[in-house]
Number of protein chains: 2
Amino acid sequence: MAGKRAQMMEETRGKLVRAAREAFAAKGYAAASMDDLTAAAGLTRGALYHNFGDKKGLLQAVIDQIDAEMAARLRAVGERASTPWRGLLDEYRAYVEMALEPEIQRILLLDGPAVLGDPSRWPSQNACLAETTRRIRALVADGAIPPVDPEAAARLLNGASLHAALWVAASDEPGAVLSKALDAFRRLAEGLARPT
Amino acid sequence: MAGKRAQMMEETRGKLVRAAREAFAAKGYAAASMDDLTAAAGLTRGALYHNFGDKKGLLQAVIDQIDAEMAARLRAVGERASTPWRGLLDEYRAYVEMALEPEIQRILLLDGPAVLGDPSRWPSQNACLAETTRRIRALVADGAIPPVDPEAAARLLNGASLHAALWVAASDEPGAVLSKALDAFRRLAEGLARPT
DNA sequence: CTCTCTGGCATACGCATCGTATGTGAATTG
DNA sequence: CAATTCACATACGATGCGTATGCCAGAGAG
């Protein structure tokens, strides 16, 4: 029967994480005040420290949630594709587009690594990176592309995608820049597909 | 004759930037206290605010300095190579290795974008990115590689290199990981070299 | 049903740090 | 040599984090 206490607490955590997502996305982690943030959720800092330990803990919780959502979206995109190789390209296109969303870019890609360190050390294990690693591993196993270390390839491609997104986001004409970035990205990815 | 005032001021700025490089590299931008930092330079916050405006201004000055040094090092590596194409590969290998240096990784690659936003918008214009862009442009002009937008390619490769470095830096066995990363990197770069 | 106690959350405090406003003395200028 | 500028120090107010303490709803025992 879930227990009323536990149920209330889940709701509290949910409200805090939601408010934090908004605040962190809008102002950035450093500039987001815990007082404002908790007040917006109808609570106080007491609830925050009780549930998440400290400010970093809250950021971690927010990141875990966003990361899980991204991984699910990536998987969905990849599965819709006609061939595994196209699936990979589609996933990365989706990755770049997601990295344009302020919430994802600001929180997960900029503040996250700066505050919490290397993403692969996060408790969430970076589900999003795991998803792309898995896909590349499958391509290698099927013989669709020559052998390559899947994690290495996934990390490099993710890094390239992220920077492409930062570029597009800061650009004055996002449309033109996005297509240039995706062109270059395809060229790089094709380096994986061809035998050396 | 240079004026004693101006000369003293240059020295003050130098001392502050030097102290800031150490502090930012060791503790990260957010955790570095301006009081501690200026005291270590034998000054007070007064000097800092007078010369750099605010904490971000100091970070910007530090970044400009590091960025210029990196660009010079990259150019030197590239010019030593036997062919332009090898020059590009060598430059990126050097880039990854530089990105392993805590000062560069922490200040320029992690805190810089998080605090100041997209690097290409920095006043220093990101000399390091300009250098790699220039090199790729030359390769295209010489017909060494098929046409590609030089800035796009440079940005993606820089992004990939950065993430490779973060991975290596956080790894337990940096040696093995570095070689895996460089392998994967070479594969990606070769995507640029071959006609589609 | 009542009493007790656990624990989720609010309140209150101390501490650190940033940015500004003001003061001071050395270097410059006429 | 008097006046002024300006580089830097000092003093102050404000904000925000983390902790210690208090309070009250809900769970369990008899």
Side-chain angles (χ1 to χ4, degrees), chain A residues 1-63 106-107 111-112 114-116, chain B residues 1-63 106-107 111-112 114-116:
Chain A
M1 48 205 84
K4 204 164 179 183
R5 295 284 280 265
Q7 189 179 339
M8 291 283 287
M9 197 166 171
E10 263 322 296
E11 194 177 326
T12 295
R13 293 174 62 95
K15 280 197 278 193
L16 288 174
V17 168
R18 227 172 303 139
R21 278 181 72 149
E22 275 188 52
F24 290 163
K27 307 180 173 186
Y29 173 80
S33 153
M34 318 264 286
D35 280 318
D36 297 353
L37 196 163
T38 50
L43 295 162
T44 70
R45 287 214 323 271
L48 201 159
Y49 281 95
H50 188 76
N51 280 284
F52 298 101
D54 61 356
K55 197 180 181 182
K56 281 184 176 181
L58 180 59
L59 175 62
Q60 185 69 68
V62 169
I63 283 182
R106 178 83 241 180
I107 300 176
D111 286 335
V115 175
L116 301 174
Chain B
M1 51 204 82
K4 205 165 178 182
R5 295 284 281 266
Q7 189 179 340
M8 291 284 289
M9 198 167 170
E10 262 322 294
E11 194 177 326
T12 295
R13 292 174 63 95
K15 281 198 277 193
L16 286 174
V17 168
R18 228 172 303 138
R21 276 180 74 149
E22 275 188 51
F24 290 163
K27 308 180 173 185
Y29 173 81
S33 153
M34 318 264 286
D35 280 317
D36 298 352
L37 196 161
T38 50
L43 295 162
T44 69
R45 285 213 324 272
L48 200 158
Y49 280 95
H50 187 74
N51 280 284
F52 299 100
D54 61 357
K55 197 179 182 183
K56 280 184 176 181
L58 180 58
L59 175 62
Q60 185 69 66
V62 169
I63 283 181
R106 176 83 241 179
I107 300 176
D111 285 335
V115 175
L116 301 174

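Here is how names work: the chains are called A, B, and so on, in the same order as the sequence lines, proteins then strands, and each is numbered from 1.
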Quiz item: Tell me: CG of D36(A) to P of dG16(D), nearest whole Å?
Solution: 6 Å
Quiz item: Of the candidate nucleotides dC8(D), dC18(C), dA10(C), which contains the atom at the shortest distance from the side chain of L43(B)?
Solution: dC8(D)
Quiz item: Whole-Å distance between dC17(D) P and D35(A) CG?
Solution: 7 Å
Quiz item: If each of M8(B) and M8(A) is mapped to the nucleotide of DNA chain D with the nearest heavy atom, which maps nearer the 5' terminus, i.e. the 5' end?
Solution: M8(B)
Exercise. Can you figure out which of dG18(D), dT20(C), dC9(C) approaches the side chain of Y49(B) most closely?
Key: dT20(C)
Practice problem: Using atom CE of M34(A) as one end and atom P of dC17(D) as the other, report the distance to the nearest whole Å. | Solution: 5 Å
Quiz item: Quick one: CZ on R13(B) to CG on L48(B), what's the gap to the nearest 0.5 Å?
Solution: 10.5 Å
Quiz item: Base, sugar-phosphate, or nothing for A32(B), non-hydrogen atoms under 4.0 angstrom?
Solution: sugar-phosphate
Exercise. Name the closest nucleotide to the M9(A) side chain, picking from dC18(C), dA9(D), dG8(C).
Key: dG8(C)
Exercise. Calculate the interatomic distance between L58(B) atom CG and dG19(C) atom C1'; express it in whole Å.
Key: 14 Å
Quiz prompt | Backbone of A32(B) reached by a side-chain donor or acceptor of K55(B) within 3.5 Å | solution = yes
Practice problem: Would you please confirm or rule out a distance under 4.0 Å between OP1 or OP2 of dC9(C) and any side-chain N or O of T12(A)? | Solution: yes
Quiz item: Can you tell me how far P of dT15(D) sits from NZ of K55(B), to the nearest Å?
Solution: 18 Å
Quiz item: Reckon S33(B) touches a base, only the sugar-phosphate, or nothing at all at heavy-atom distances under 4.0 Å?
Solution: sugar-phosphate
Quiz prompt | Sugar-phosphate, base or nothing in reach of A31(A), heavy atoms under 4.0 Å | solution = nothing
Quiz item: Can a side chain N or O of N51(B) be found less than 4.0 Å away from OP1 or OP2 on dC8(D)?
Solution: yes
Exercise. Would you mind reading off the distance between L48(B) atom CG and dT20(C) atom P, rounded to a whole angstrom?
Key: 12 Å
Quiz item: Which heavy-atom pair separates I63(B) from G112(B) by the least distance, and what is that distance?
Solution: CD1-CA, 3.7 Å
Self-check item: Rounded distance in Å - CZ (F52(A)) to C1' (dG8(C))
Solution: 13 Å
Practice problem: Tell me which nucleotide among dC17(D), dC9(C), dC8(D) gets nearest to the side chain of A47(A). | Solution: dC9(C)
Quiz prompt | Selection from dG18(D), dC9(C), dC8(D) that lies nearest to any side-chain heavy atom of H50(A) | solution = dC9(C)
Quiz item: So, R106(B) side chain and A114(A) main chain: donor-acceptor pair closer than 3.5 Å or not?
Solution: yes
Exercise. Quickly work out the L59(A) CG to dG16(D) P distance and round it to whole Å.
Key: 18 Å
Quiz item: For A19(A) and L37(A), which heavy atoms make the closest approach, and how far apart are they?
Solution: CB-O, 3.7 Å
